[in-house]
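Contents: one structure, followed by commentary.
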Amino acid sequence: MADEPTPRSRPKPPMSRIMRLSLKAVDYVADATRRADGTVNRRVLSLLDPRVPAFSTPCRGVATRDVVIDPALRLRARLFHPATRPPGAAPLPVIVYFHGGGFAFLSAASLAYDAVCRRIARYASAAVLSVDYRRSPEHRFPAPYDDGVASLRFLDDPKNHPADVPLDASRCFLAGDSAGGNIAHHVARRYAADVPTFKNVRIAGLISVQPFFGGEERTPAELRLEGAPIVSVSRTDWMWRAFLPHGADRSHEAACFASPEAAGGVDSPAFPPVLLVIGGYDPLQDWQRRYCEMLMGSGKDVTVLEYPDGIHTFFLFPEFDDARDLMTRIAEFVGGRISGADQ
């Protein structure tokens with residue numbers, strides 16, 4: 001008689017018991033606020049994910065302020081910048097950041113993203129414009145992509161720059177994690193397809209941390225790592241249903257980077273070099289590797305950072321050594337792209 005298959009054990013990435021409990025709390029917040037009908041209980045979410053205010057008083061060398069990108073859309077962003085700069089220093093490069101959260105959760109003012117953007121600004125010696133884009137399901141595709149392009153238009157006009165924080169829009173980077181990595185990619189290709197309409201903004205690089213892509217199939221990593229923290233098949237299924245146009249499946253251009261509709265802009269010489277981050281305990285890693293293959297097949301410059309012990313969004317938790325390492329690598333990428341452009 002054939003041996004019965006051994007039940008698949010849940011993946012256990014290396015971490016402390018306290019960290020496991022913290023991640024369970026994150027999962028609880030997502031599950032407690034998403035409804036079966038595809039809506040989000042925003043009132044409960046606001047209690048579980050309170051907004052952190054901006055502070056002009058420096059915290060660990062970084063000051064913050066909130067800015068209005070588009071009053072008509074009530075589109076805002078949070079600007080992070082080093083508080084002290086040497087006399088005669090050049091204007092700051094700008095990293096336009098898109099937070100994660102499955103297109104539906106979290107914000108630029110969430111505690112985790114306020115903290116991580118502060119760290120990026122400090123490590124990279126750059127300004128970080130964290131976009132508080134519109135969220136699904138109230139605002140589906142292409143709302144966050146439109147908001148990303150609107151943020152670049154905002155930076156393109158020097159009159160929108162703070163008088164006391166010199167910004168160099170010609171040294172601009174797009175960055176994001178998870179759903180934010182997806183947004184950063186689509187904003188990059190929209191920019192690349194429309195460069196002549198930007199007077200000042202030039203995109204020097206794309207920092208894509210564990211981007212959220214998908215398709216109709218279940219990949220080996222999704223099956224093998226079902227039960228891993230943060231992302232599960234049921235959660236990602238819900239997120240795509242809440243974000244994609246009604247009736248669309250994951251062959252849609254927003255989810256499937258290989259679809260013909262998603263090709264525009266990627267083939268442009270203006271599509272920037274990419275720093276791609278992949279975690280070994282991330283169920284989305286197969287999609288991210290295929291994303292890398294697509295970019296390289298299109299002749300793009302891609303640097304891949306692999307973190308074998310990395311869970312999805314590991315870098316939001318400074319307790320992980322890999323999170324600190326990634327901050328250093330992001331700073332090196334930004335510094336290297338700027339130095340290369342100056343040569």
Side-chain angles (χ1 to χ4, degrees), residues 13 95-98 100 102-103 145 148 173-193 203-225 228 230-231 236 240 250-315 322-323 325-334 336-337 340:
I95 301 171
V96 180
Y97 195 87
F98 302 97
F103 304 105
Y145 306 159
F173 294 78
L174 295 171
D177 71 285
S178 194
N182 175 299
I183 296 168
H185 165 76
H186 286 287
V187 173
R189 70 183 190 87
R190 286 186 173 201
Y191 162 83
I203 304 299
L206 168 60
I207 302 165
S208 187
V209 183
Q210 300 172 287
F212 183 27
F213 294 111
E216 287 301 294
E217 68 174 287
R218 302 300 191 200
T219 68
E222 286 175 315
L223 297 174
R224 183 177 72 254
L225 294 170
I230 307 296
V231 291
T236 56
W240 286 122
R250 281 166 287 184
S251 63
H252 187 275
E253 63 179 283
C256 182
F257 47 76
S259 71
E261 296 80 8
V266 175
D267 54 355
S268 167
F271 190 90
V274 178
L275 178 67
L276 175 62
V277 179
I278 300 174
Y281 279 92
D282 185 354
L284 302 179
Q285 63 186 272
D286 289 342
W287 296 114
Q288 293 153 9
R289 292 194 172 91
R290 293 181 192 180
Y291 173 58
C292 177
E293 292 169 359
M294 181 277 291
L295 292 175
M296 288 184 169
S298 300
K300 302 306 168 185
D301 179 358
V302 185
T303 300
V304 179
L305 296 180
E306 293 258 10
Y307 291 95
D309 291 336
I311 63 171
H312 192 71
T313 68
F314 69 91
F315 82 120
D322 288 342
D325 181 78
L326 179 55
M327 290 295 110
T328 300
R329 299 298 190 93
I330 289 174
E332 291 173 349
F333 180 76
V334 171
R337 299 311 310 175

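Sequential numbering from 1 along the given sequence is applied to the chain's residues. Keep in mind that what you see is a predicted model, and the values were worked out from it rather than measured.
- Between Gly100 and Ser178, the shortest heavy-atom contact is CA-CB, 4.2 Å.
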Side chain to side chain contact (heavy atoms under 4.5 Å, CB included) between Tyr97 and Phe173, intermediate numbers included: CA-CA 8 Å; Tyr97 195 87; Phe173 294 78; over 6 Å; no

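- To the nearest 0.5 angstrom, Phe212 atom CZ is 12.0 Å from Asp177 atom CG.
- Side chain of Gln210 to main chain of Thr313: a donor-acceptor pair is present (N/O by atom type, distance under 3.5 Å, no hydrogens or angles).
- Closest approach of Gln285 and Ile278 over heavy atoms only: CB-CG2, 3.8 Å.
- The CD1 atom of Ile183 sits 11.0 Å away from atom CZ of Arg190, with the distance rounded to the nearest 0.5 Å.
- Atom CG of Asp286 and atom CG of Leu225 lie 8.5 Å apart (nearest 0.5 Å).
- Within the 4.5 Å cutoff, the side chain of Leu305 has heavy atoms near those of the Leu275 side chain.
- Interatomic distance, CD1 of Ile311 versus CD1 of Ile230, reported as 5.5 Å (0.5 Å rounding).
- Side-chain contact between His252 and Trp240 is absent, with no heavy-atom pair separated by less than 4.5 Å.
- Listed here is the closest heavy atom pair of Arg250 and Cys256: O-CB, 3.5 Å.
- His312 has its ring centre no less than 6.0 Å from the ring centre of Tyr281.
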Checking Ser208 against Tyr291 for the side chain to side chain contact (heavy atoms under 4.5 Å, CB included) test, could you report, in this order, the C-alpha distance in whole Å, the side-chain angles of both residues, the deciding distance, and whether it holds? CA-CA 11 Å; Ser208 187; Tyr291 173 58; 4.2 Å; yes

Is there a side chain to side chain contact (heavy atoms under 4.5 Å, CB included) between Phe314 and Asp309? Walk through the geometry before answering. CA-CA 9 Å; Phe314 69 91; Asp309 291 336; over 6 Å; no

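- Here the closest non-hydrogen pair linking Val266 and Met294 is CG1-SD, 4.0 Å.
- Of all heavy-atom pairs between Pro272 and Ala188, the closest is CD-CB, 4.1 Å.
- Of the inter-residue distances, the one linking Thr219 atom OG1 with Phe213 atom CZ reads 14.0 Å to the nearest 0.5 angstrom.
- Contact annotation: the side chain of Ile330 approaches that of Leu326 to within less than 4.5 Å [non-hydrogen atoms, C-beta and beyond].
- Taking the side chain as every heavy atom from C-beta outward, Val304 and Glu306 approach each other to under 4.5 Å.
- Between Phe271 and His185, a ring centre-to-centre spacing shorter than 6.0 Å is recorded.
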Pair Val274-Leu295, side chain to side chain contact (heavy atoms under 4.5 Å, CB included): steps then yes or no: CA-CA 9 Å; Val274 178; Leu295 292 175; 3.9 Å; yes

Can you list the steps and then say if Asn182 with Tyr145 is a side chain to side chain donor-acceptor pair (under 3.5 Å)? CA-CA 9 Å; Asn182 175 299; Tyr145 306 159; 2.6 Å; yes

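- Counting only heavy atoms from C-beta outward, the side chains of Leu276 and Pro211 approach each other to under 4.5 Å.
- By the salt bridge (charged side-chain N to carboxylate O under 4.0 Å, His left out) test, Glu217 is found to be paired with Arg290, residues two or more places apart in sequence or in another chain being considered.
- Tyr307 and Asp282 share no side-chain donor-acceptor pair at under 3.5 Å.
- Atoms CD and OG1, from Glu222 and Thr236 in turn, are 6.0 Å apart once rounded to the nearest 0.5 Å.
- Between Ser268 and Ala192, the closest heavy-atom pair is OG-O, 3.1 Å.
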